[in-house]
Number of protein chains: 2
Amino acid sequence: MTAPLHEARPTGPGRALPDTQQGMRRRNLARVMHAVSAEGPLSRAAVASRIGLTRAAVSTLVDELIRTGLIEELGPERPGRVGRPGSALAVSGRGPSGIGAEIGVDHLAVCAVDLRGEVRARAVRHGTNRGRSPAPVVEELTALVRRVIAEAEPAGLWPAGLAVAVPGLVARDGRTVVRAPNLDWQDVDLGALLPGEFPLTVDNEANFGGLAELWLGADTPRDFLHVSAEIGIGAALVVDGSLLRGTRGFAGELGHVPVHPDGPRCVCGGRGCLEQYAGEEAVLRAAGLAPGEDRVGLLAGRAADGDPDVRRALREAGTALGIALTGALNLLDPEGVVLGGALAGLAPWLLPSLETELSRRTAGPARPVSVSRLGPEGPLLGAAHSVVRAVLDDPAAVAERA
Amino acid sequence: MTAPLHEARPTGPGRALPDTQQGMRRRNLARVMHAVSAEGPLSRAAVASRIGLTRAAVSTLVDELIRTGLIEELGPERPGRVGRPGSALAVSGRGPSGIGAEIGVDHLAVCAVDLRGEVRARAVRHGTNRGRSPAPVVEELTALVRRVIAEAEPAGLWPAGLAVAVPGLVARDGRTVVRAPNLDWQDVDLGALLPGEFPLTVDNEANFGGLAELWLGADTPRDFLHVSAEIGIGAALVVDGSLLRGTRGFAGELGHVPVHPDGPRCVCGGRGCLEQYAGEEAVLRAAGLAPGEDRVGLLAGRAADGDPDVRRALREAGTALGIALTGALNLLDPEGVVLGGALAGLAPWLLPSLETELSRRTAGPARPVSVSRLGPEGPLLGAAHSVVRAVLDDPAAVAERA
DNA sequence: GCTATTTCGTCATGGCAGTTTACAAATTAG
DNA sequence: CTAATTTGTAAACTGCCATGACGAAATAGC
């Protein structure tokens, strides 16, 4: 059972799956899970009115979910309202958990999140992975994964799946890293290197960051661009609450949008790509700094100290970002833009020129550019939560494995 | 009953509609319609295996569709295979029809398409609409609509809906033309001006063109960009077989993607937008021609005659398009690009420089750039077919009105 | 304090949808 | 001409949700 968790589900009239009563039941179980998960403790009656089924139907659905341990009965509510109080239902803090992992340039991280969305265990290993071959890195990651699983186990949690965020392009199979320039990896099938005991998904770090923003952000809209940078500049395109991945899985390559078509050559073959102006390397060079460890921290520190070269470099990066984003906004018409990853930390110095450029170039009301609250935690949390979402999306599938 | 036909259906776990048995039935009726519509005459058994239901279930579904006149029994098949031959089922050529309409800069057009996809009636009125106020234009259009409906009526067709393609931005309500520069319209509620007897959808001409490409194109993929030009340059973003509309409905504004960020001022407030290089007006100017009637024909004629100024102007437009499309391809990773509308007629002179630019700037296998077979007919056909698709998507809804 | 009202959760009943099983009809293979 | 195969349909069955009724547990009004 190693199916990709977040496969784009075929939707609309084209979907080939027959519509049978069992499917209906499964979808309604999912609806109950989502309602309870999203709106806190809820009585059966409240769930029924939320999802449009009758109380009787919800009763049987909830019974089943309680039997399989996905939902817990907290006890009677104490409301000021008239009538018999309902019995509060909540998603269980035990049972299946989502294991999220991140392969960063300078670290490895793993965490376990329960169905309630709480992080229940974590493990980190610092140290660069640049240029290391996949096998030993994944081996270390696997060790962290096992440690986290072991740590969560006494609390009654078992891994329902593993999702790995990587700084690079991932094929649509959700397993293969096609290219990760920072790691110098190419066509690595992580599915073959990682333990096969549970469902695995691999995805781009920007994508998981975007999903984290969608699921955990305070008032993130269902349509936005999540821009993230770790040397390369990637964007997660969230459209109507789900990721736009592209045919090959390479959508969101904001870094190679042409900004100055006659500008400097880029590794991608083009000229004047955004990455040549707002990529980490380019900014460091423009700021007169040498590449090294913790480059983002260095930039942020210098900028905070008022270093004029760094400030100018970031200002220009913001302008270039603004130009590239103008194109993206015209194409996608999202509700907003969120700066995540390394960009979040540098936002104070990027935002002014970025917003100037955007408002200069786009008509109509300005689209809000906000900064991720999650910062560097985004991808890891997004990965773990993607597993949790998969459980909420089809609780019946998990119940079979429990 | 004037609900928008092609509203983005909420999908996935978030959709609020309860999953009830009647809904199941409706979806399965739709599945049968789609199977029969897409794969020609089919026996009940063939439909059953296609959609994954049992023959018995399909039998009752088909019975219902035959009773409501949406499907016809053609009679026994004559196969070389062993076993009792099936009875061929086909979508009916009578009953509900889709009325498509187009408000062009230089013409109005209306057509009626039956469930089989055949155009059964059409009407055109030539003459510019530039600068005319909405009311008289829509009045003329309404007259054409009524004529087409009357023409189709003796064949047993009745209008299941009206879809109108306009050269401009349309709000997500599917009724309001927010801005149509060529017509000089702004915030026009077509829903108030058009007859209210049947469901109405209004959409961008590029969007309907893209849908036509998706539904009628020979081997069009489910993920592509359909680029179209009528003064403005618009693109339909088809992602996984459905349109990406954006929050406000303005997605696909390729014309205002920055190509040379320091280039000439654009009406949108920006600088160096694609439209400044590849828009109709810009190309005419670059070619040393004055604007007038049938501008595209003029350009194509001169180019075919070998006029060097025109050729150069088109070559440069192709280059600019290539730069803007590079950005779009990096963001969306579609399977291909289709040139439609006015661009289709000019493709021979645009394509070389466009493809050069694309292959220069993008790594990996070149994405195919193809030319629409439908040409200027695309938007009209797409509009009419969108109504037909709505019927196929929910035959039960139509049966109630029959 | 007591009764009426309101709301909750559950149960029994019923309707509806698709499955299973069986069978007659219509064709080909030999 | 018989056996094998496939189609379409009917009858019985299972599963799921809706309906309506009921007891339980709270509040509101007197």
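The chains referred to below are lettered A, B, ... by the order of the sequence lines, with proteins before strands, and numbering in each begins at 1.
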**Q** Look at B:S59 and D:dG8 and indicate whether a side-chain polar atom (N or O) is within less than 4.0 Å of OP1 or OP2.
**A**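 For D:dG8, OP1/OP2 do not have a side-chain N/O of B:S59 under 4.0 Å.
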
**Q** Check every atom of C:dT27, C:dG18, D:dG23 against the side chain of B:P85 and return the nucleotide holding the closest atom.
**A**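 Looking only at heavy atoms from C-beta outward on B:P85, the closest nucleotide is C:dT27.
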
**Q** Using side-chain heavy atoms (C-beta onward) and a distance below 4.5 Å, is B:W158 in contact with B:S97?
**A** no

**Q** With no hydrogens and no angle check, do the side chains of B:T247 and A:E335 hold a donor and an acceptor under 3.5 Å apart?
**A** no

**Q** Verify the contact: side-chain N or O of B:R27 to OP1 or OP2 of C:dA17, cut-off strictly under 4.0 Å; return yes or no.
**A** no

**Q** OP1 or OP2 of D:dC16 sitting under 4.0 Å from any side-chain N/O of A:N28?
**A** no

**Q** Below 4.0 angstrom, N of the basic side chain to O of the carboxylate: do A:D19 and A:R27 qualify?
**A** yes

**Q** Distance check needed: C:dG18 P versus B:E64 CD, whole Å only.
**A**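 So the two atoms are 9 Å apart, to the nearest Å.
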
**Q** For B:E73 and A:T54, take the nucleotide of DNA chain D holding the closest heavy atom to each; which residue's nucleotide lies nearer the 5' end?
**A**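 Nearer the 5' end of the strand: B:E73.
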
**Q** Is any side-chain N or O of B:R25 closer than 4.0 Å to OP1 or OP2 of C:dG18?
**A** yes

**Q** What does A:R55 touch in the nucleic acid at a heavy-atom separation under 4.0 angstrom: a base, only the sugar-phosphate, or nothing?
**A** base

**Q** Given that A:V82 and A:M24 both sit by DNA chain D, which one's nearest nucleotide is further toward the 5' end?
**A**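 It is A:M24, whose closest nucleotide lies nearer the 5' terminus.
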
**Q** Closest to the B:A45 side chain: C:dT19, D:dG8, D:dC17?
**A**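 That would be D:dG8.
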
**Q** When you compare the side chain of B:V91 with that of B:L70, does any pair of heavy atoms fall below 4.5 Å?
**A**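 Result no, sub-4.5 Å side-chain heavy-atom pair not found.
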
**Q** When all nucleic acid strands are considered with a 4.0 Å heavy-atom cut-off, which category describes B:A56: base, sugar-phosphate, or nothing?
**A**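 Since a base atom lies under 4.0 Å of B:A56, the category is base.
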
